[in-house]
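What follows is a single structure, written as structure tokens, with notes after it.
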Amino acid sequence: MPEPIKKSEFPVTRFAPSPTGRLHIGHAIAAREAFRFARDCGGKCLLRIEDIDQTRCKPEFEAGIYEDLNWLGFDWPEPVRRQSDHFDDYTRALGELREKGLVYRSFLTRKALNADLDERGVGESPAGERPYPGPGIPMSADEEEMRGGRGDSFAWRLSLSACRDYLGAAFDDLSFVEEGSGVMAGEIKAHPEWLGDVVLARKDTPTSYHLAVTHDDALQGISHVVRGRDLYFSTHIHVLLQRLFGWPTPVYRHHGLILDTDGKKFSKSDRSRTLESLREEGVRPEQIFRDWTLQ
């Protein structure tokens, strides 16, 4: 398990892309925010490859990350942590939560999950999605053993009700420091219930983003997390996981996003906006940083 984050005179942050496609304009600006923060504070920015999705992540896309970041003029300390090389770490972390009774196996399909939420009248939370509040009637041990024995697909979900019992009053005191601007600045009360009983792993996938990212932030001594506003609500679950494992909570800086003309985030499927394509057109990195601003 990771050691707690050690206090450092200089901040440590990270840029952590997933190699599921070529980097685009939005990634370039996000990388600039992380690397610039580290530079301005006299700290360092690590590069992490978050490739837990072994279906979508490809070696050629990982190679493209290094190519694009080098072209943008960034450098980083070695070695680079590749999450797929450390699945055993996440399995051990999940095992700790299992031993504490804080996770459970859920065999719900997406269709069955939506039907359950409909029946129980669960609406959208401020996070913009319908959070799963856990099973109304817990599955019996016999049924769980039977379904597991016949090979049914399942997900390991974090039980918020069990977490509340485990932490007691501390569950309602969860918070993090946000160094953003406007209404998001200052100490923020965490609301993990906005995301509900999130998936931490699946039958054939040893970890989810939530578990892997909090584990690695603690392991690598990340003192400041600089990432896009689209991940702001994930932080509310991450703070809970950090408390459950006894890991310190970094300071968070959720910056704005680069949006297209329709007000949507850029997609890796839009090749015209990838850094590779722009480079082939003769665009220079300084043009990207000058012409595109966060919203």
Rounded to the nearest 0.5 Å, how far does [atom2] of [Y] lie from [atom1] of [X]?
X: I25; Y: R273; atom1: CD1; atom2: CZ; value: 5.0 Å
X: R284; Y: L278; atom1: CZ; atom2: CG; value: 12.0 Å
X: S175; Y: R243; atom1: OG; atom2: CZ; value: 7.5 Å
X: L200; Y: S159; atom1: CG; atom2: OG; value: 10.5 Å
X: L275; Y: I288; atom1: CG; atom2: CD1; value: 5.0 Å
X: S223; Y: R14; atom1: OG; atom2: CZ; value: 11.0 Å

Is it true that a side-chain atom of [X] and a backbone atom of [Y] form a donor plus acceptor pair closer than 3.5 Å?
X: K58; Y: T55; result: yes
X: K189; Y: D172; result: yes
X: T214; Y: Q242; result: no
X: R56; Y: T20; result: no
X: D197; Y: R157; result: no

Would you say [atom1] of [X] has more than 12 non-hydrogen atoms from neighbouring residues, nucleotides or ligands within 6.0 angstrom?
X: R98; atom1: CZ; value: no
X: E119; atom1: CD; value: no
X: R36; atom1: CZ; value: yes
X: R110; atom1: CZ; value: no
X: Q54; atom1: CD; value: yes

Any heavy-atom pair between the side chains of [Y] and [X] that's under 4.5 Å?
X: L244; Y: L167; result: yes
X: L117; Y: P131; result: no
X: F61; Y: D51; result: no
X: P17; Y: L47; result: yes
X: L240; Y: C163; result: yes
X: D118; Y: R130; result: yes
X: L46; Y: K44; result: yes
X: L23; Y: L69; result: yes

For the pair M139 and Y104, evaluate side-chain contact (heavy atoms from CB on, under 4.5 Å) and give the outcome as yes or no after the intermediate values. CA-CA 9 Å; M139 181 178 294; Y104 61 93; over 6 Å; no

Hphob cluster co-occupancy, [X] + [Y], side-chain heavy atoms under 4.5 angstrom:
X: F233; Y: V122; result: no
X: V103; Y: V239; result: yes
X: L97; Y: V199; result: no
X: W156; Y: L195; result: yes
X: I188; Y: V226; result: no

Report the C-alpha separation of E62 and C57 in whole Å, then their side-chain angles, then the decisive distance to 0.1 Å, and conclude whether the side-chain contact (heavy atoms from CB on, under 4.5 Å) test is met. CA-CA 8 Å; E62 181 177 343; C57 293; over 6 Å; no

Could you report the tightest heavy-atom contact between [X] and [Y], atom names first, then the distance?
X: A162; Y: L102; result: O-CD2, 3.6 Å
X: F74; Y: R32; result: CZ-CA, 3.6 Å
X: F107; Y: S153; result: CD2-O, 3.3 Å
X: L160; Y: P192; result: CD1-O, 3.6 Å
X: A38; Y: T13; result: CB-CG2, 4.1 Å
X: P285; Y: L72; result: CB-CD2, 4.0 Å

Parallel, tilted or perpendicular, judged at 30° and 60°: which one describes the rings of [X] and [Y]?
X: H27; Y: H24; answer: tilted
X: H224; Y: F37; answer: tilted
X: Y232; Y: H236; answer: perpendicular
X: F245; Y: W247; answer: parallel
X: F35; Y: F15; answer: tilted

Polar side chain donor-acceptor pair, Q220 to R81, under 3.5 angstrom: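 Q220 vs R81: no donor-acceptor pair found between side chains.
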
Just checking, any donor-acceptor pair under 3.5 angstrom between side chains of R22 and S277?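 R22 vs S277: no donor-acceptor pair found between side chains.
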
In this structure, is the centre-to-centre distance between the rings of H238 and Y209 below 6.0 Å?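 Yes, the ring of Y209 comes within the 6.0 Å limit of the ring of H238, centre to centre.
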
Applying salt bridge (charged side-chain N to carboxylate O under 4.0 Å, His left out) to D152 and R147, what does each step give before you reach the verdict? CA-CA 6 Å; D152 289 4; R147 297 194 65 172; 3.0 Å; yes

Does the side-chain contact (heavy atoms from CB on, under 4.5 Å) test come out yes or no for Y66 and W76, once each step is laid out? CA-CA 10 Å; Y66 294 110; W76 50 86; 3.6 Å; yes

Which residue in the set D216, L211, D217 passes side-chain contact (heavy atoms from CB on, under 4.5 Å) when paired with V213?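 Result for side-chain contact (heavy atoms from CB on, under 4.5 Å) with V213: D217.
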
Given L241 and L158, is the side-chain contact (heavy atoms from CB on, under 4.5 Å) satisfied, shown in steps? CA-CA 9 Å; L241 288 170; L158 182 67; 4.1 Å; yes

Report the C-alpha separation of D165 and K100 in whole Å, then their side-chain angles, then the decisive distance to 0.1 Å, and conclude whether the salt bridge (charged side-chain N to carboxylate O under 4.0 Å, His left out) test is met. CA-CA 11 Å; D165 292 340; K100 294 177 179 178; over 6 Å; no

Could you go step by step and tell me if E33 and R253 meet the salt bridge (charged side-chain N to carboxylate O under 4.0 Å, His left out) rule? CA-CA 10 Å; E33 293 300 299; R253 299 171 64 91; over 6 Å; no

